[in-house]
Amino acid sequence: MLKSQMKMKTNHETQTVSVRSLVEFVLQAGDLTPGGFQRRDRAQLGTQGHQRVQRSRPEGYETEIEIAYQVEDVDPPLEVRGRIDGLYASAAPVIIEEIKTTTLSLELIHEEHNLLHWGQAQCYAFMYAQQHNLSEISIHLTYYHLDTQKEKTFERYFSFAELQTFFSDLITPYLDWFRKIQTWQAQRDQSIQALDFPYEAYRPGQREMAVAVYKAIRDQERLYVQSPTGVGKTIAALFPAVKALGLGLADKIFYLTAKTPGRLVAEGALDDLRQVNLRFKSVTLTAKEKICFCPPVNCDPEVCVFARNYFGKVKRALEEIDQHDAFTRPVIEQIARQYEICPFEFSLDLALWGDGIICDYNYAFDPRVYLHRFFDFDTEAYIFLVDEAHNLPDRARAMYSAELDKQTVLALRRALKAHLPGLAKKLSAINKLLLEKRQACQAAGQQALIEYEPPEKLLKALREFNQKAEDWLVLNQPAEFRQDLLEFYFACNNYLRTAEYFDTYYVSYFERQSQGALKAKLFCLDPAPMLAARLDRCQAAIFFSATLLPLDYFMKLLTGAADHPKQVFPSPFPTENVSLLIHNGIATQYARRADSYAAIASLIETICRAQVGNYLVFFPSYAYLAAVLDLLQERLPQGQLLVQDRGMTEGARAAFLEQFSTGNQETLVGLAVMGGIFGEGIDLVGERLIGAVVVGVGVPQVCLENDLIKAYFDQQNGRGFAYAYQYPGFNRVLQATGRVIRTETDRGIIVLMDERFTQARYRRLFPVHWRGFQIVQSEGEIEEQLAYFWSRA
Ligand code: SF4
């Protein structure tokens with residue numbers, strides 16, 4: 001509903017609303033989108049078009065005139081602000097010009113083409129006439145065609161009385177909404193002032209973390225918090241952030257997560273605060289593909305009823321804002337169904353009025369999907385709470401990288417050849433360049449060609465293809481190949497945009513694949529400079545995780561700066577509740593792996609026989625898992641083994657976890673892969689999981705990209721192997737072992753199998769709560785240690 005800026009400050013100073021937002025809020029009507037395609041550089045061309053029209057005007061014509069109008073009798077004061085495109089102040093009567101650029105044929109544009117355009121111009125005319133005591137004024141509404149560079153102008157005269165009536169009709173409904181929001185915010189702030197911590201007592205470390213978060217927000221800092229499971233970090237981050245909001249230190253909280261479970265935990269924490277009388281409107285954003293009522297996503301109002309007359313219906317739906325404080329996915333879906341509107345677009349509209357937004361990292365950091373409505377305008381006082389922040393570097397690398405593959409180029413060329421030969425020819429040019437790269441790889445006997453400059457020739461060919469593709473796409477004609485063309489167009493777009501970021505922390509590579517295929521990728525080696533630019537959108541950012549270790553490594557990858565405050569908290573759980581054993585008689589390096597299978601299978605049997613219960617065993621790869629499984633099947637009954645499959649669905653994942661029940665009479669051993677769907681974000685409390693075995697140090701597979709990262713950081717700080725392999729691997733180990741002790745009453749065992757764990761370079765990484773580890777070298781020792789541990793139950 002509100003595509004442009006429309007924000008209110010939470011303090012009691014003058015509030016502002018832009019002319020555009022005001023007009024859209026009251027007058028916008030009709031379908032969600034025409035379902036049409038728009039040029040990539042539409043915004044840039046629009047600005048240039050505006051300037052061209054302005055330059056063509058005669059002397060005495062003024063441009064970009066800032067104007068503001070103070071609305072009377074409102075508390076807090078409200079100011080309407082905007083900028084007039086063009087003004088003939090010496091004409092009689094004075095002329096205000098509103099300029100709009102278009103790609104639609106001017107013949108199709110009539111005077112009533114878009115009432116919002118007249119609405120904006122009338123607003124400016126009213127504000128100007130009022131300021132200069134004019135009794136009448138003329139409006140020119142000019143449409144400028146971006147391709148033909150021709151223009152069409154409509155002219156209307158208004159008396160001041162007419163403009164006054166128009167403005168009054170516009171501001172009145174807006175003021176109703178404004179007062180409603182103000183009343184709400186006053187209630188919210190009052191509730192925050194009286195708000196106490198929602199639980200009986202702080203857990204060890206929790207209060208300190210909350211204080212550190214509050215100070216970082218107050219001081220507009222970036223704070224890093226390593227806080228083990230059990231500290232209760234979600235509430236320790238949210239509680240001070242909410243308090244800061246109530247004190248006017250911030251306007252909005254973005255709780256940014258890597259995965260859905262993180263969003264649910266944040267919703268739960270806010271619910272707990274509401275139990276102690278917090279009034280706080282939170283909106284959870286769910287990906288369009290997931291929440292869409294009409295999959296597969298096609299937002300053409302001809303196809304989707306939820307896009308039809310969206311703007312006509314959403315105003316009533318927004319009135320429901322009174323009825324709920326927590327706009328979770330089910331609540332959004334229920335209201336969207338009731339009013340027959342798109343749930344995704346509705347969640348975005350609600351977010352404008354929410355105090356907190358719970359969403360994926362993408363919405364703040366990804367150049368393809370970030371929330372323009374918040375971040376493209378003057379930055380307000382936003383707080384970013386970045387949950388499970390150890391995930392962000394890898395996610396960011398993916399967001400700021402782009403790739404194309406040769407096979408897609410060939411397939412699309414085949415599909416287009418008979419219909420759009422000109423476009424097929426452009427694809428041939430791209431294919432030829434990719435082929436040359438492949439041949440160069442082959443000639444050099446290499447798997448990949450690495451370049452430290454953007455691939456200019458390829459970029460030129462992609463640009464030419466995209467311009468031509470746009471010419472066809474903008475006609476919005478149906479065709480069998482349209483979707484494939486559109487997808488490749490967006491992939492090229494992403495590649496071209498990423499090339500604009502290319503810098504010393506980027507590399508371009510061409511990697512040979514099987515059967516003549518080739519991958520062309522612009523790979524972001526270091527996400528910190530890219531993230532830093534996005535972090536400028538917020539006033540304070542808190543990065544927190546149970547496994548933000550080593551901290552310096554994450555600080556380097558998240559912001560590149562080492563001088564931000566950081567906090568490391570110990571585990572609040574009694575150390576005697578866990579037995580941490582390191583078996584350093586096992587070698588899991590690739591070359592020695594095969595020798596370890598039998599010993600590992602035997603050790604797993606020994607561990608599980610020491611105590612009946614549920615265990616998870618984590619392997620470095622599926623192949624390793626399968627090799628040990630073969631031997632384990634001879635040792636443990638089939639019914640006691642559960643195996644993670646590749647590509648498990650959400651349902652299969654849930655079914656797997658359900659078997660970890662406290663009611664199990666026999667031992668259950670789940671075999672999983674480190675860094676996979678069971679290696680993180682699962683919460684098997686109490687006896688649902690009594691032990692974890694980790695095979696290997698988690699080092700990711702040696703591959704081209706990891707080697708490139710290694711080479712880059714070798715050059716940066718001489719720690720390439722650590723940055724590319726050791727630290728990411730150890731993070732997986734920490735995540736896997738973190739599944740065992742989830743509450744202060746949980747008891748369990750952790751067994752690490754790899755000789756490298758006892759080396760100094762690994763021991764340096766151990767979190768404080770690992771201090772009591774025991775080194776074992778034989779099955780007998782393990783048996784003894786475990787017997788002792790379980791006997792103390
Ligand atoms: S319901 Fe789906 S198809 Fe319809 S407008 Fe929303 S996202 Fe688009």
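Note that ligands are numbered from 1 as they come in the structure, with each ligand's atoms numbered from 1 the same way. No hydrogens, no waters, no symmetry mates; every other heavy atom, side chains included, goes into these values.
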Report summary line: Atoms of ligand 1 under 4.0 Å from any heavy atom of K288, numbered from 1 in the order shown, are 7 (S)
Query raised in the report: Which residue owns the protein heavy atom closest to atom 4 (Fe) of ligand 1, what's the atom, and how far is it?
Result: C304 SG, 2.3 Å
Query raised in the report: Identify the closest protein heavy atom to atom 1 (S) of ligand 1: which residue and atom is it, and at what distance?
Result: F293 N, 3.6 Å
Query raised in the report: Given that the side chain starts at C-beta and the backbone is N, CA, C, O, which of these parts of N298 lies under 4.0 Å from ligand 1, counting heavy atoms, or is it both or neither?
Result: backbone
Query raised in the report: Mind checking whether H113 and Y143 have ring centres under 6.0 Å apart?
Result: yes
Query raised in the report: What's the verdict on side-chain contact (heavy atoms from CB on, under 4.5 Å) for C299 and K288, showing C-alpha distance, side-chain angles and the deciding distance?
Result: CA-CA 11 Å; C299 306; K288 193 189 242 187; 3.8 Å; yes
Report summary line: closest protein heavy atom to atom 6 (Fe) of ligand 1 is C342 SG, 2.4 Å
Report task. Give a yes or no on whether C299 keeps an N, O or S atom under 2.8 Å from atom 8 (Fe) of ligand 1. Result -> yes
Query raised in the report: Cation over ring, R534 on Y501, under 6.0 Å and within 45°?
Result: yes
Report summary line: The closest protein heavy-atom partner of atom 2 (Fe) of ligand 1 is C292 SG, 2.3 Å
Query raised in the report: Taking 4.0 angstrom as the limit, do K468 and E464 come out as a salt bridge?
Result: no
**Report entry** Six-ring centre of F481, R414 cation under 6.0 angstrom, axis tolerance 45°
**Finding:** no
Query raised in the report: Among E345, E320, E340, which one satisfies salt bridge (Lys or Arg N to Asp or Glu O under 4.0 Å) with K313?
Result: E340
